[in-house]
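A short write-up of the structure that comes next.
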Amino acid sequence: MKCLPVIAVHGGAGHWRTKKSLEGILKYIEESLTAGMESILEKNAVEGVLKAVMVLEDSGEFNAGLGSVPNIDGEIEMDAGIMDGSRGDAGAVAAVRYVKNPVLLAYYVLKNTNHVLIVGEGADRLAEQLGLEKMPIRERQRRDPVLSSRFWARKEELTGDTVGAVGIDSECRLAAASSTGGLAGKLKGRVGDTPIPGAGFYADENVAVVATGIGEVITLGALSRRVAEAWQATKRIEIALRLVLNEVNVRYGENTVGLLGVDIYGNVHAEYNTEAMPWGYLRYGENPVIKGLPTRM
Ligand code: GLY
C-alpha cells in the first residue's frame with residue numbers, strides 16, 4: 001500500500017494577544033511545512049516531523065526552543081517528544097536547559113537508547129555527550145520580571161504555547177513530534193504533557209496526534225491517545241478530534257487545549273477551544289494551507 005505524504009504543524013493554542021507578528025507566524029509555519037515535507041520525501045515521516053518542529057524551535061516566534069518562556073525563576077526548562085507510529089516507539093526529554101533543539105535530543109533518545117523519557121540533568125548531560133548545539137546562555141536565563149514574579153495560575157493567560165507536527169510518508173508510516181517551553185511562570189521542575197506519550201503526542205499505524213494547551217488537562221485526559229481510540233471507533237479524524245474536544249469542554253472547560261491529527265487516509269484536521277491555534281498542512285504536490293490564525297493580536 002502507498003500513501004500520499006502529508007505534513008501538518010501547529011504553533012500553539014491560546015489567545016495570541018502578544019507582541020508576536022502575524023507575518024512571523026505565517027512565515028515560520030510555511031517554512032516548517034516545506035522543510036518537513038522535504039524530509040518526509042527524502043527520508044520518512046519521523047524525520048519529517050523532527051525537521052518541521054526544529055524549524056519552529058529555531059524561529060524564536062513560538063514557545064519552544066529559542067522562543068521558550070521562562071519559569072518562575074526566570075530560567076527556561078523545555079520538554080519535547082517524538083513518536084514513530086510504525087514501530088510504536090517514542091523518545092522524549094523533560095526539563096532540559098542545555099540543548100537548542102529539545103526535539104532533536106528526544107529523537108536521539110528514540111533512536112539510540114532503550115529508554116523513552118530522560119529528564120533534567122541526565123538529559124542535559126546526554127545532549128552534551130552527543131555534542132548537540134547548545135542553547136545560547138542569554139536564552140537560557142531570560143529573566144522576565146513580570147512572568148517570574150508570580151506563578152502561572154489563571155487559564156485565560158494561556159497565550160499560545162507549544163509547537164507540534166504530525167505526518168505520514170509514502171510507505172504509510174505515521175509520526176508525531178512536540179516541543180515546548182511549558183507554561184510561563186511555571187514552578188521549577190514542572191513538566192507538562194509535551195514529553196508524555198499518549199498525552200502531548202501519540203502515533204500508531206492509523207493516526208498521529210499532537211496536543212497543545214494546559215499540560216495538566218492534556219495529561220490527565222491522555223488526550224492524544226484518546227483521539228486514537230476515538231478514531232478506532234469512528235475512522236474519521238475530524239470526528240475523533242471533535243469528540244475528544246467535547247469531552248475536554250465538559251470536564252475541564254473551554255480555553256484549555258488544541259489538538260491536531262492526521263490519519264492513514266491522509267485526512268488532516270485540528271480542533272481547539274481557545275481563541276486561536278495557528279496551524280497548517282501540506283499535502284504532497286499541493287500548496288500549503290494555513291488556518292486558525294488570531295484575529296486580534
Ligand atoms: N502544553 C505545554 C505545557 O503545558 O507544558
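First listed ligand is number 1; within each ligand, the first listed atom is number 1. Basis for what follows: all heavy atoms, side chains included, without hydrogens, waters or symmetry-related copies. Note that this is a predicted model, so its numbers are computed, not measured.
Counting heavy-atom neighbours within 6.0 Å of R236 CZ, excluding the residue itself, gives a total of 12 or less. Shown here is R173, whose CZ atom has more than 12 heavy atoms of other residues, nucleotides or ligands within 6.0 Å.
For ligand 1, the atoms closer than 4.0 angstrom to any heavy atom of T194 are 1 (N), 2 (C). For ligand 1, the atoms closer than 4.0 angstrom to any heavy atom of T162 are 1 (N), 2 (C). Residue-ligand proximity, D193 to ligand 1, at heavy-atom distances under 4.0 Å covers atoms 1 (N), 2 (C), 3 (C), 4 (O). Residue-ligand proximity, G213 to ligand 1, at heavy-atom distances under 4.0 Å covers atoms 1 (N), 2 (C), 3 (C), 4 (O).
Among all protein heavy atoms, the one lying closest to atom 5 (O) of ligand 1 is R190 NH1, 2.6 Å. The protein heavy atom nearest to atom 2 (C) of ligand 1 is D161 OD2, 2.9 Å.
Looking only at atom types and distance, the side chain of N206 has no donor-acceptor partner in the side chain of W231 under 3.5 Å away. The closest side-chain donor-acceptor pair between N249 and N273 falls under 3.5 angstrom.
Heavy atoms of K186 come nearer than 4.0 angstrom to ligand 1 in no pair at all.
A salt bridge is absent between E247 and R251; no separation between the charged side-chain nitrogens and carboxylate oxygens falls under 4.0 Å.
Under the side-chain contact (heavy atoms from CB on, under 4.5 Å) test applied with V93, the options L105, D79, I82 reduce to a single match, L105.
For a threshold of 3.5 Å applied to N or O pairs, the pair formed by G192 and ligand 1 contains no separation below that value.
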